[in-house]
Amino acid sequence: MEKKTNFIREIIDRDLKANKNEGRVHTRFPPEPNGYLHIGHAKSICLNFGIAHDYKALCNLRFDDTNPEAEKIEYVNSIKEDVRWLGFDWGRRLFHASDYFDKLYEYAVELIRKEKAYVCDLNIDEIGKYRGTVTEPGKESPYRNRSVEENLDLFARMKAREFEEGARVLRAKIDMKSPNMLMRDPILYRIKKIAHYKTGNKWCIYPTYDFTHCLCDSIEGITHSICTLEFEVHRPLYDWILDELKVHHPQQIEFARLNLSHTILSKRKLLELVEKGHVTGWDDPSMPTISGLRRRGYTPESIRNFCEHIGVARFDSIIDLVVLENSIREELNKKAERVMAVLRPLKVIIDNYPEDKTEQFDAINNPEDAGMGTRKIPFSREIFIERDDFCENPPKKFFRLSPGKEVRLRYAYFIKCVNIIKDEKKDEIKEIHCTYDPKTRGGDSPDGRKIKGTLHWVSARHAARGEVRLYDTLFKKRNPEEVEEGADFISNLNPNSLEVLTLCYLEPSLKNAARGGRYQFERLGYFCVDAVDSSDKKPVFNRIVSLRDTWSKIEKAAKKRK
Ligand code: ATP
Ligand code: MG
């Protein structure tokens with residue numbers, strides 16, 4: 001897909017022209033390892049690594065790991081896997097905020113020496129009260145004017161484990177009356193007697209996100225710190241810290257985060273879905289995580305194209321899920337092999353077809369790409385068709401099979417329904433009987449007679465059996481955050497987000513389908529062999545997306561909303 005320019009690239013172009021940063025461009029993707037990456041992160045990854053790629057510049061992968069209680073090596077590993085899978089390479093530029101804990105401590109000491117930071121003994125509640133509100137200025141802490149010596153001594157003793165958690169914090173000395181609440185003497189360090197997944201028990205004081213983030217960018221020589229809009233109000237604090245310490249000052253640029261309809265993009269909430277068992281894990285194929293999308297059958301290319309297509313903006317909006325779905329549809333239409341599979345089987349017996357005969361028909365692997373060739377599919381007396389493709393008392397314009405009507409079996413013959421056998425106990429059709437016309441071999445009309453319906457089918461004797469999982473949106477509502485009073489986003493979960501069909505019949509070529517393989521089931525949609533639950537004995541297919549593109553549906557919905 002062709003790269004579009006955007007306001008971020010315009011800023012970079014301008015900086016390059018002015019020879020800012022000696023003509024360097026250096027970005028980074030800074031995830032916190034407290035969960036798996038989601039499609040929102042993919043937008044940020046594509047943006048940061050994409051810029052590095054296009055400007056022949058560098059992009060670091062940096063773990064922002066300053067909250068030991070929530071961070072895990074499992075998350076670190078999954079994030080690395082996902083970034084690589086998306087097609088990006090950080091080379092030797094893998095860093096951690098925790099790599100700089102010593103350096104950050106020195107910076108904090110420097111601020112104390114400059115009388116720009118102090119140790120405060122107020123507890124968290126008191127600090128909150130002293131902070132004031134948006135309409136009322138804050139009050140200065142009684143500890144604000146401690147001497148440099150006393151502050152240095154207390155900060156060293158915080159580090160030396162002499163105090164309990166919550167007893168003391170280090171704060172920046174800025175302005176308790178600032179209209180920007182974040183500038184009212186923000187906390188720089190707090191005591192946490194928790195082991196860190198990387199530094200173990202070396203530290204019991206940890207720097208806050210705000211203190212860490214801007215300084216890590218500075219230490220790494222990042223030129224453009226690209227982040228989401230909510231960090232705009234943090235920018236004055238970052239400017240203050242970097243200016244007081246007189247260190248390299250990256251340019252922060254904010255863009256709107258991705259919101260996707262019918263799903264949720266917040267690691268905290270996704271974690272809740274995992275922990276409460278609403279999904280089978282972070283890689284559940286209904287999750288908007290990169291690992292969930294991968295398992296569902298999305299390709300890295302389809303996600304990159306999606307991110308390119310939606311672009312970057314300075315205002316928040318919700319992108320329709322269909323936009324993401326269309327990205328994979330477009331790709332698989334070109335690349336996926338067509339096969340026949342019957343998901344809700346109904347047996348058809350062709351009375352005038354010899355019992356022991358098998359014919360092989362040529363089927364086209366992809367009408368979009370002749371180079372993908374053809375394959376043989378076996379035909380015999382007993383086949384399966386979709387239950388939906390037969391109707392005993394058809395409405396007008398029902399062009400599929402019904403008593404006395406003729407349809408085409410794709411690649412095979414015309415058949416006509418002559419009898420219905422019912423299972424009286426279950427009040428259900430057990431099987432139907434048809435006759436075929438030998439003159440229609442290959443599905444061609446011998447005398448120009450018009451047949452409107454063409455059905456997919458699978459030979460009963462030759463079929464592979466498999467399970468098919470039909471996924472629908474994870475949430476019922478376009479915006480799952482919109483909830484009734486007293487309820488939370490969980491109440492908007494779609495109870496029908498998954499339908500499992502345990503006995504489906506697949507054409508025999510699918511017996512060798514590799515895990516992760518993607519196919520178009522003719523007339524049904526795009527499906528992917530599940531990488532976790534599928535086995536040779538029982539293949540499992542996830543529906544990636546249905547076939548039809550639903551543009552008209554979204555447009556209608558968009559009009560309705562207006
Ligand atoms: P979450 O709200 O899901 O916990 P986060 O911002 O706390 O996300 P981080 O690990 O800090 O998660 O995110 C790493 C980077 O990804 C940040 O630079 C952040 O701006 C970006 N990012 C996170 N969510 C989105 C999103 N929905 N759209 C675009 N970028 C995002
Ligand atoms: Mg964050």
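All ligand and atom numbering here is 1-based and tracks the order in the structure.
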(request) Would you mind listing which atoms of ligand 1 come within a distance below 4.0 Å of any non-hydrogen atom of P31? (result) 10 (O), 14 (C)
(request) Below 4.0 angstrom from a heavy atom of S44, which ligand 1 atoms are there? Numbered from 1 as shown, please. (result) 16 (O), 21 (C), 30 (N)
(request) Identify the heavy atoms of D89 and F49 that sit nearest to each other, and give their distance. (result) O-CE2, 3.8 Å
(message) Can you name the atoms of ligand 1, numbered from 1 with element, that are less than 4.0 Å from a heavy atom of T228?
(response) 20 (O), 29 (C), 30 (N), 31 (C)
(message) With heavy-atom distances below 4.5 Å as the criterion, would you say the side chains of D217 and Q252 are in contact?
(response) no
(request) Report, in ascending order of atom number, the atoms of ligand 1 lying under 4.0 Å from any heavy atom of H41. (result) 3 (O), 8 (O), 9 (P), 10 (O), 12 (O), 13 (O), 14 (C), 16 (O), 22 (N), 23 (C)
(message) With nothing but distance in play, are any N or O atoms of N34 less than 3.5 Å from an N or O of ligand 1?
(response) no
(message) Please find the pair of heavy atoms, one from D64 and one from P33, that lie closest to each other, and give the distance.
(response) O-CD, 3.8 Å
(message) Taking salt bridge (charged side-chain N to carboxylate O under 4.0 Å, His left out) as the criterion, tell me which of K173, R144, K139, K116 meets it with D185.
(response) R144
(message) I want to know if ligand 1 touches G40 in the polar sense, i.e. an N/O pair below 3.5 angstrom.
(response) yes
(message) I'd like to check whether F231 has a polar contact with ligand 1, where a contact means an N/O of the residue lying under 3.5 Å from an N/O of the ligand.
(response) no
(message) Using a 4.0 Å cut-off to any heavy atom of F29, which atoms of ligand 1 qualify?
(response) 14 (C), 15 (C), 16 (O)
(request) Just say parallel, tilted or perpendicular for the rings of F63 and H96, cut-offs at 30° and 60°. (result) parallel
(message) Nearest non-hydrogen contact with atom 4 (O) of ligand 1 belongs to which option: H38, K269, K43, K267?
(response) K267
(message) Geometry only, no angles: is E230 polar-contacting ligand 1 at N/O separations under 3.5 Å?
(response) no
(request) Over 60° means perpendicular and under 30° means parallel, so classify the ring planes of W203 and Y105, tilted if in between. (result) tilted
(message) Classify the ring geometry of Y36 against W282: parallel below 30°, tilted from 30° to 60°, perpendicular beyond 60°.
(response) parallel
(request) Examine K202 relative to F101 and say whether NZ or CZ is less than 6.0 Å from the centre of the six-membered ring and inside a 45° cone about the ring axis. (result) no
(message) Distance under 4.0 Å to a non-hydrogen atom of P30: what atoms of ligand 1 satisfy this?
(response) 14 (C), 18 (O)
